[in-house]
Q: 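Mind having a look at this structure? Questions to follow.
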Amino acid sequence: MGPLIRLFASDLDGTLFNALHQTDRAILLQLRRVLDAGRHVALATGRAVRRASALGFGDLPLETVSANGALICDARGELLRFSRFSPQALEELLAAFPGVSFNCIAEDGTYVRGTRESFLAGLRPSPGLLGRLIAHRLRRRPPAPDTHFDQTDADVLARPICKVNFRVADEALHRELNGFVADHASSIVNASFDGDLFELTDARVNKGEAVAWLAGHLGIVESDVAVYGDGGNDLAMLERFSHSYAPKGASEAAKRAAGHVIGSCAHHAVSRHMLMTCRREGRLNRAG
């Protein structure tokens, strides 16, 4: 009997990352052992990255499914697929909301229609002291060098964009933006991990479809894929695959979509589960 799971795909914050929203020695060691067992590991995240090393994974050869599936890269950081945001919908969005500081993600960087200060203000802390400490650390960290501020509409529209992020606290504006997304449902979708943050991509893009595409590219059938997630932008992924898992701290919707709840990210539940799966399957293969 061959290995059952050949591709593991996981969300980061609240899932594969630890409680401080970062990697650590235990996570890196467990992932290396999973890779040494001949499996693939993909980072499935709303963040826009091409290389796992940019997120603290060192030299581990991990595939990336980023920008909620709009960017897919191989383990060397080579772009495999770019799903462009509708140029017409983007132009209408910028025109309809001239005062909103949109973060527009292209293949070569992030173009912000706003100041550095407005960008940092969007890093809202999670509840509790730990959440405030993490947000404070993120605000002190300099933005990535490929982040460009004070961009005009013409600057943004001149580039292929795959994802648009923005955070809205004002209830009236929130309703207007939700209405805009609903009116453009045929071309754009909002898959956000929390209620105040909008994460817009092409309507055909989601983590589930993107992980399935990556699996096909690697020659792996969907029944040999395991996925992990904890929030709203993980639901399509958790619902699509039969081997789907949510950590203990996940949203109730994510837990229902997954059907299987494992331990806490604070205790490395996801990387431990991946490694235990490899070991269990190895024992079954030897017994067979």
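Just so we're clear, the structure is a prediction, and the values are computed from it rather than from any experiment. Just so it is clear, the values below take in all heavy atoms, side chains as well, and ignore hydrogens, waters and symmetry mates.
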Q: Would you kindly say whether H217 and D74 are connected by a side-chain donor-acceptor distance under 3.5 Å?
A: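 Not at all, the side chains of H217 and D74 share no donor-acceptor pair under 3.5 Å.
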Q: Okay, side chain of N178, backbone of R175: is any donor-acceptor separation there less than 3.5 Å?
A: no
Q: Which of parallel (below 30°), tilted (30 to 60°) and perpendicular (above 60°) describes F102 and F166?
A: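 Ring orientation, 0 to 90° scale: perpendicular.
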Q: Minimum heavy-atom separation for R240 to G208, with atom names?
A: CD-O, 3.7 Å
Q: Is the closest side-chain heavy-atom distance between R51 and F57 below 4.5 Å?
A: no
Q: Check whether S192 reaches the backbone of L197 with its side chain - one donor and one acceptor, N or O, closer than 3.5 Å.
A: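 Yes; judged by distance alone, with no hydrogens or angles, the pair exists.
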Q: Report the C-alpha separation of L4 and D224 in whole Å, then their side-chain angles, then the decisive distance to 0.1 Å, and conclude whether the side-chain contact (heavy atoms from CB on, under 4.5 Å) test is met.
A: CA-CA 5 Å; L4 176 62; D224 290 354; 4.1 Å; yes
Q: Going by heavy atoms in the side chains, are T277 and R280 under 4.5 Å from each other?
A: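 T277 vs R280: side chains touch.
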Q: Would you find a donor on one side and an acceptor on the other, under 3.5 Å apart, between the side chain of E281 and the backbone of I5?
A: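 Yes, the answer is positive, given that a donor and an acceptor are paired below the 3.5 Å cut-off.
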Q: Tell me whether F82 shares a hydrophobic cluster with W213, the cluster being built from Ile, Leu, Val, Met, Phe, Trp, Tyr side chains joined at under 4.5 Å.
A: no
Q: Identify the heavy atoms of V227 and V211 that sit nearest to each other, and give their distance.
A: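 Closest pair (atom of V227, atom of V211, distance): CG1-CG1, 4.3 Å.
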Q: To check you understand the geometry: which heavy-atom pair defines the closest contact between C278 and R39, and what is its length?
A: SG-CG, 3.6 Å
Q: Tell me, do V189 and V205 make a side-chain contact under 4.5 Å, heavy atoms counted?
A: no
Q: Would you say the side chain of V49 lies within less than 4.5 Å of the side chain of L71, judging by non-hydrogen atoms?
A: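 They are not in side-chain contact.
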Q: Do you reckon V181 sits in the same ILVMFWY cluster as L94, going by side-chain contacts under 4.5 Å, direct or chained?
A: yes
Q: Please work out which of the three classes, parallel, tilted or perpendicular, describes the rings of H273 and Y228, given edges at 30° and 60°.
A: perpendicular
Q: V34 and V225: same hydrophobic cluster, using ILVMFWY side-chain contacts below 4.5 Å?
A: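 In one cluster: no.
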Q: What's the verdict on salt bridge (charged side-chain N to carboxylate O under 4.0 Å, His left out) for R159 and E107, showing C-alpha distance, side-chain angles and the deciding distance?
A: CA-CA 9 Å; R159 295 170 173 83; E107 182 185 344; over 6 Å; no
Q: Evaluate the ring planes of F97 and F180, with Trp represented by its six-membered ring, and classify them as parallel (under 30°), tilted (30 to 60°) or perpendicular (over 60°).
A: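 Because their plane-to-plane angle is over 60°, the rings of F97 and F180 count as perpendicular.
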Q: Pair S66, R47 - check side-chain contact (heavy atoms from CB on, under 4.5 Å), show working.
A: CA-CA 6 Å; S66 69; R47 305 187 194 199; 5.7 Å; no
Q: Please round to the nearest 0.5 Å and tell me the distance separating atom CZ of R167 and atom CD of E199.
A: 9.0 Å
Q: Using every non-hydrogen atom in the two residues, find where A254 and G229 come nearest and quote the distance to one decimal.
A: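 Looking at all heavy atoms of both residues, the closest pair is CB-O, 4.3 Å.
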Q: Roughly how far, to the nearest 0.5 Å, is the CG atom of L218 from the NE2 atom of H40?
A: 4.5 Å
Q: Evaluate side-chain contact (heavy atoms from CB on, under 4.5 Å) for D108 paired with D146, printing each intermediate quantity in order.
A: CA-CA 7 Å; D108 62 344; D146 60 357; over 6 Å; no
Q: Given the rule that I, L, V, M, F, W and Y join up when any side-chain heavy atoms are under 4.5 Å apart, are L157 and I105 in one cluster?
A: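 Different clusters: L157 never reaches I105 through Ile, Leu, Val, Met, Phe, Trp or Tyr contacts under 4.5 Å.
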Q: Does atom CD (Q88) have a neighbourhood of more than 12 heavy atoms from anything else shown, all under 6.0 Å?
A: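 No, CD of Q88 has 12 or fewer neighbouring heavy atoms, counting only those of other groups under 6.0 Å.
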Q: Atom CG in N190, atom CD1 in I188: separation rounded to 0.5 Å?
A: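 The CD1 atom of I188 is 8.5 Å from CG of N190, to the nearest 0.5 Å.
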Q: Give the cluster check for V156 versus F85: same hydrophobic cluster or not, with ILVMFWY residues linked at side-chain heavy-atom distances below 4.5 Å.
A: yes
Q: Donor-acceptor check, side chain of N68 to backbone of A191, threshold 3.5 angstrom: yes or no?
A: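 Judged by distance alone, yes, a pair lies under 3.5 Å.
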Q: Taking the side chain as every heavy atom from C-beta outward, state whether L55 and T64 have any atom pair closer than 4.5 Å.
A: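 When only atoms from C-beta onward are counted, T64 and L55 do not touch, as no gap falls below 4.5 Å.
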Q: Say whether, by atom type as modelled, one donor and one acceptor occur between the side chain of K248 and the main chain of V261 under 3.5 angstrom.
A: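 Here the side-chain-to-backbone pair does not exist.
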Q: Could you tell me whether E209 and R81 make a salt bridge, using a distance below 4.0 angstrom between a side-chain N and a carboxylate O?
A: yes
Q: Any chance you could measure T23, atom OG1, to L28, atom CG, to the nearest 0.5 Å?
A: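 So the gap between those two atoms works out to 4.5 Å.
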Q: Drop me the distance from R279's CZ to R33's CZ, to the nearest 0.5 angstrom.
A: 6.0 Å
Q: To the nearest 0.5 Å, what is the distance between CD1 (I262) and OH (Y245)?
A: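 Reported value, rounded in 0.5 Å steps: 8.5 Å.
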Q: Can you find a heavy atom in the side chain of T110 that is under 4.5 Å from one in the side chain of N165?
A: no
Q: Given 3.5 Å as the limit, does a donor-acceptor pair link the side chain of Q151 with the main chain of F149, or not?
A: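 It does hold such a pair.
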Q: Please name the pair of heavy atoms, one in C104 and one in I161, separated by the smallest distance, quoted to 0.1 Å.
A: CB-CD1, 3.9 Å
Q: With side-chain contact (heavy atoms from CB on, under 4.5 Å) as the criterion, how do D24 and H268 come out once you've worked through the C-alpha distance, each side chain's angles and the decisive distance to 0.1 Å?
A: CA-CA 9 Å; D24 57 35; H268 311 117; 2.7 Å; yes
Q: Would D59 and R32 pass as an ion pair if we require N to O under 4.0 Å?
A: yes
Q: Kindly give the heavy-atom pair with the smallest separation between T201 and A67, and that separation in Å.
A: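 The pair with the smallest heavy-atom distance is CG2-O, 3.7 Å.
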Q: Kindly indicate whether the side chain of C73, heavy atoms from C-beta on, has any atom under 4.5 Å from the side chain of L80.
A: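 Counting from C-beta outward, C73 and L80 never come under 4.5 Å.
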